[in-house]
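Chain letters run A, B, ... following the sequence lines, proteins first and then strands; every chain starts at 1.
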There are 2 protein chains.
Amino acid sequence: MPKSQKNALSAQDWAEAALDAIGRRGVEGVAVEPLARELGVTKGSFYWHFTNRDALLTAALARWEARETDEVLARVQQETDPRARIQRLVTEVNTSRRASRIYTALSSAGKPSFVREYVARVSRRRLQFLIDCYAALGLAPERARQWALQTYSVFLGSLQIRRDLPDEWPAAEDPAFADYVRFLMVSLLPPEAGADDHDSGDTVDTPADTARIVAQSRH
Amino acid sequence: MPKSQKNALSAQDWAEAALDAIGRRGVEGVAVEPLARELGVTKGSFYWHFTNRDALLTAALARWEARETDEVLARVQQETDPRARIQRLVTEVNTSRRASRIYTALSSAGKPSFVREYVARVSRRRLQFLIDCYAALGLAPERARQWALQTYSVFLGSLQIRRDLPDEWPAAEDPAFADYVRFLMVSLLPPEAGADDHDSGDTVDTPADTARIVAQSRH
DNA sequence: GTTTATCCATACGCCGCCGTATTGACAGAA
DNA sequence: TTCTGTCAATACGGCGGCGTATGGATAAAC
């Protein structure tokens, strides 16, 4: 049972290439023969690893789901303060352009219907994570849910704006970016931990954490 | 010069059908022959009205751009109070499911590259409209821009959530929907007209206007 | 009633992609 | 060396969509 020839491709290599193609050309752009050309092989290789194109998409989606739930949330959960977690999640918008494009492509894909299930699961876990963060701040369940929906909307909308109007969005190295993140945090964090309403009081932001987390945003 | 036969199709009919197909199947789903089947004709009709598929997409995009800028903004501009305009724009999310799907499909389309130009123009005009609204409230230009970006992010993100997680989103007839809109308005409206910062003070919402505008949201 | 312009049907060739079948190269086990 | 399992190349048939060519069909103009 030789496990690896010289430059043998694995199913994971194909799945990763498919994810790349999703990010660059959308789900419809995941075609077997062009993908094989990009990998320097022919279809003969593909149909040894997978039964058909849907199997490749399923593998790519499974890979994506695992990455976007366990890994990302685990990274954010390194923060202990719920406020820091929320802010970290917002700044994560600017971490990976590739991940953003993959998400928007998947979210708007219609053709293989099972794509929507993966997107729904990932979105649900992200939203639930935010709900838990706001609940940890002492908000009532419905209140936490409203805050989480608002924050997740800002998160997704930011992806969209960076895609549609890239020049209208402050670059990560621009000081206006840090300004904008601080501005957002005022709206996205309830004014007082344990309070149930948010239109009174101040002393909201923690500038030290803000600067630290913003500095972590790469690219 | 007979201007209309019995049941003759016009170029506008084709463009409208193309917009419908964009909303239902995405830009890639705009295919000449399936569209002709849906319209009860054959390709022979299409290639009389248009030179090729790109010309159809261009016509559909021009139609969409005119509708999403002049018409929508004119409708919102019926409101005189800038706060009411902003709230009206947010509630417009729930007005037309069709328009939402068309927008998200166009925004994530990659293949005909000129699609991005139309999307960019529409997004830019929407964002500028919001910036003007916040500037009309007396905010400094950079501040108005931050508020507008935040509000437009919420707007776009709401579209996305309603698409990915429709059951997590309150229905328009659900009282939770009006609650959520009121909640959003607290974050999306600066606390005091003429103020330059927004983390102090209260007396934000105007419940009468809120109820009136929410009631106008149809479907 | 012929003519003309408008609108559509039919038939064709082309290309890109899917999936299958078959064969081949190559590495380790025997 | 021979055998066997792993990975890939080649060749083939099929399908769906694009664009063209050509020939009706119909209604108005004259």
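Both B/Glu33 and B/Leu9 lie close to DNA chain C; mapped to their nearest nucleotides by heavy-atom distance, the more 5′-ward contact belongs to B/Leu9. The 5' end of DNA chain C is approached more closely, in terms of each residue's nearest nucleotide, by B/Gly40 than by the other of B/Gly40 and A/Tyr47.
Side-chain atoms of A/Thr42 lie closest to D/dT10 of the nucleotides D/dT10, C/dC18, D/dC18. Closest contact between the side chain of B/Ala31 and the listed nucleotides C/dC8, C/dC18, D/dC18 involves D/dC18. Distances from the side chain of A/Val41 to the nucleotides C/dC18, D/dC18, D/dA9 place D/dA9 closest. For A/Arg53, whose side chain is taken as the heavy atoms from C-beta onward, the closest listed nucleotide among C/dC18, D/dC18, C/dC8 is C/dC18.
Remark: P of D/dG17 and CD of A/Glu28 are 12 Å apart, rounded to the nearest angstrom. Counting to the nearest Å, the C1' atom of C/dC7 and the CZ atom of B/Phe50 are 14 Å from each other. In this structure, the CG atom of B/Leu57 is 13 Å from the C1' atom of D/dC18, given to the nearest Å.
At the phosphate of D/dG17, OP1 or OP2 sits under 4.0 Å from a side-chain N or O atom of B/Arg37. B/His49 has a side-chain polar atom (N or O) that falls below the 4.0 Å cut-off from OP1 or OP2 of C/dC8.
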Task: Trace of the salt bridge (Lys or Arg N to Asp or Glu O under 4.0 Å) decision for B/Arg145 with A/Glu168 - done: CA-CA 10 Å; B/Arg145 183 183 171 74; A/Glu168 306 279 347; 3.2 Å; yes
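Classified by interplanar angle (parallel below 30°, tilted 30° to 60°, perpendicular above 60°), the ring pair A/Tyr118/A/Phe114 is perpendicular. B/Trp14 and B/His49 have tilted rings, their planes meeting at an angle from 30° to 60° on a 0 to 90° scale.
Taking the ring centre of B/Tyr103 as origin, the terminal cationic atom of B/Arg126 falls inside the region bounded by 6.0 Å and 45° from the ring axis.
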